[in-house]
Every structure is written in structure tokens, then in C-alpha cells.
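All ligand and atom numbering here is 1-based and tracks the order in the structure. Computed from a predicted structure; not experimentally measured.
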Amino acid sequence: MAPGVRDTVSSTGSGASVSLAGLEKSYERVGAVNGVSLDIRSGEFLTLLGPSGSGKTTTLMMIAGFEQPTKGDIAIDGTSVVAMPPHKRNIGMVFQNYALFPHLTVAENIGFPLKQRGVAKAERAKLVGEALELVHLPGYGGRYPRQLSGGQQQRVALARAIVFKPRLLLMDEPLGALDKQLRENLQLEMRRLHADLGITFIYVTHDQEEALTMSDRIAVMNEGLVSQVGSPEDLYDRPCNRFVAGFIGESNFLPATVKGLEGDIVIAECQGAVIRATCPSRPSSGSTVTLTTRPERLRFADTLNGSAQSMNRMAVTVTEAVFAGERCRYMLKAADGTMIVLKEPSSAAIRRRTVGEHAEIAWSVADTILV
Ligand code: ADP
Ligand code: MG
């Protein structure tokens, strides 16, 4: 066995830490990545989430070493790797298009990175067998890629990316080409694999649900910058700007005017109502702001028997009522015409609202964020 592989094998169980500092990449003076600073912890499952063109792939390519940063630094385990060629970084990678060699068997595909590293045949067979077990494809070694389904091919690509025991695995929309059911199954498998291997995963997707399901932390990217970093709960419950509130989940946006502060709570006037909101900054009185709330955190006040007293309340008119099985979705109009979406879990015991009906909605101050 080559000494390099022995080293990486012995370090199994701990993941690399990755530090991006002021990372930039421009193509002909157009910025693809415009100053990304991010610390990814050892063993973390971190997802770069953002719309198409937000710089996710470019960031990943710079970590892998296939793109050279225009500015900034990348450190792996505290050591700058900017001048290090990709193969020396010892990073596993999986892409959306599986990129398997069609003329090689599954075992040969998975064994390829080992062969490149000079691992002897017997050891290679053992490691390939282990990798096939890990991705739940034991016994598939003799097949060719064309004899496998899309999901199976992607598992082979995954096995090939981890067979040499990297401490860091980069994945760029690896499930993007698969259908929904398969994608959901593989999301759970990715999590299990992450837990089993204990290595650091950096995962790229534009699918917010996928990011919320799998990640320890998510870095939301927009226009080449990180807009917010946090746990799925942080981002969903406490988006710190309008982009994040709108990109992750569904949000209502209500224009409001700041009236004052009560400790950490902002008091604002909104649609003729006094609304309390949580806010990390301290906006000045009289300033115009936007309040955001999630549709499923809103309730019709008359269903809340008493507990609505301490909540934000607002008068609305129902303009649309859609029964969607597990929940009802209402479109509501506030005093000045702002539209609000409310999602209520359905129950045969709850009266359905009709279009044109006047109602009062209520929601908790904790679910009201000023962005
Ligand atoms: P994402 O993966 O989030 O969709 P990318 O990192 O692929 O975004 O691209 C970010 C921006 O950089 C896009 O506007 C894209 O057109 C541009 N870009 C990416 N690669 C190149 C390239 N090789 N040459 C010129 N522009 C590029
Ligand atoms: Mg991309």
C-alpha cells in the first residue's frame, strides 16, 4: 500500500476543517464569488444553498482546487491549500452527472482513485468491497454503469468518492437528476453515510427542502456572497434578511413603521394594527421596515380560545380558500390591500372560511421577524 493512503486510512473518523477567507473569483471582471468567508467545522455537514448563478459551484471548485481564487484564502485543517494541486488535497467529489467511466465495471470505477494512488490489487478489492457495502450495492462490482439505474449510478459515484477515505467530501447537486422519491431516499442515506464516516461534507444544492433535511448548517448564497449561515432552524425561524426569508420556505412580508422598542422587541404599526416583532438590530422610531411571518404560524384568532391575547392580531378579509388535503391555504387581504397567506392544518372540527368573510388572525411575537 502506498504511504499516502495509509496516512488517510489511519485518520478515518475525523473530518477536515475548512476555512474560507474573503474568497473571490472573477471571470473577465464579472464576479462569480464576491468575498465568501466561512468556517466549516471538522465532521460537519454543511450545505451551500442558493439560486442558480449564486456562486455555489465556483466556491466548491475552488475548494477542490479546479479553480484558482482571484483573491482570498482556503485553508484545510489550518493549512492554506491555494497553491496545492487538486490531487494533493485528498478530497472526494460527486457531481450531478455521475461521470462514471462507461467502459469500466462498477468495481473498476470505484477502484480507480485507489489505482491512481498506487494501492495494490488485493487491498483495492477489499476497499472497493467495503465502499460497495457502505452505499448498499454489495454484489454489483461486476456490472457496467449502463446496467444500473440513475440512483445506483449515483451510489457508485459516491462509493468512488469515499473509497480512498478522504476527510472531506464535496458534492455538487448530486441528486439533481433523480426523481423525487429516489432523491428523498438518497437524502436520508447521505445523512446516514455522513454519520457513519464522520468526515466533513460540503454539499451544494438549490433545493431548500433538501438543504433543511440534511444539513447541520446551511450557508445561503446570493450573488456570490453568503447571505446567512446557520442551522436549518435558525434560518427558518430567524431569517436575517428578506432574501433568506423568501428563499427558504414561504414568507409573508408586511410593510410597517417602527413606533418604539420594548427591550429586544420592536413595536411597529402595520395595517392599522400594533405588531410586536423580534429583531437583532435596533431600528429607529419612524423608520419604514418589513415584517415577515410564516404562513403556517398564523391562525384565525377565534380558534385560539384565550391564548391569542398576548399575540399579534390583525383584521383581514378572506379572498381565497383552498382545501389541500392535509391543510387549508387561505389568501387574506389586510387593511391596506397587502396579501397574506395563512396555512391551517385541516380538521373536520375546524370551520372552513369562505371568500369575502371578515376575520381576525393571530400569531406569536416570536414568529414575527423584522428583516
Ligand atoms: P451556481 O453553482 O450557484 O449556479 P456558479 O458558481 O456556477 O453558480 O456561477 C456563478 C456565476 O459565475 C454565474 O453567473 C456564472 O455564469 C458565472 N460563471 C461560472 N463559471 C464561469 C466561467 N467559467 N466563465 C464565466 N463565467 C462563469
Ligand atoms: Mg452549480
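Scanning all protein heavy atoms for the shortest distance to atom 12 (O) of ligand 1 gives A32 CB, 3.1 Å. For atom 3 (O) of ligand 1, the closest non-hydrogen atom of the protein is K56 NZ, 2.8 Å. Distance from atom 21 (C) of ligand 1 to its nearest protein heavy atom, with residue and atom name: Y27 CE1, 3.2 Å.
Taking a cut-off of under 4.0 Å to the non-hydrogen atoms of P51, the atoms of ligand 1 that pass are 3 (O). Applying the 4.0 Å criterion to heavy atoms of S54 picks out, from ligand 1, the atoms 1 (P), 3 (O), 8 (O).
Atom CG in L48 sits 10.5 Å away from atom CD1 in I218 (nearest 0.5 Å).
F45 does not carry R191 over the face of its six-membered ring by the limits of under 6.0 Å from the centre and within 45° of the normal. For the pair R353 and Y330, the cation does not sit on the ring face, since its NZ or CZ is not both under 6.0 Å from the ring centre and inside 45° of the axis. Taking the centre and axis of the six-membered ring of Y140, the NZ or CZ atom of R155 falls outside the cone set by 45° and 6.0 Å.
Coordination check, S52 versus the Mg ion (ligand 2): failed, since every N/O/S atom of the residue sits at 2.8 Å or beyond.
Inspection of the N90 and R117 side chains reveals an N or O donor paired with an N or O acceptor under 3.5 Å.
Using 4.0 Å as the threshold, G55 has a heavy atom nearer than that to some atom of ligand 1.
Note: the hydrophobic cluster containing V244 does not contain I369 (ILVMFWY, side chain heavy atoms under 4.5 Å, direct or indirect links). Linking ILVMFWY residues whenever their side-chain heavy atoms come closer than 4.5 Å, directly or via other members, places V204 and L20 in the same cluster. In the hydrophobic clustering of this structure, I202 groups with F66; members are Ile, Leu, Val, Met, Phe, Trp, Tyr whose side-chain heavy atoms approach within less than 4.5 Å, directly or through other members.
Shown here, atom 16 (O) of ligand 1 is out of close reach of the protein: none of its heavy atoms lies under 4.0 Å off.
Polar contact with ligand 1: absent for E67 (N/O pair, distance under 3.5 Å). Looking at T57 next to ligand 1, an N or O pair under 3.5 Å apart turns up. Between G53 and ligand 1, a contact under 3.5 Å exists for at least one N or O pair.
When V204, L48, N222, T58 are checked for heavy-atom proximity to atom 9 (O) of ligand 1, T58 turns out nearest.
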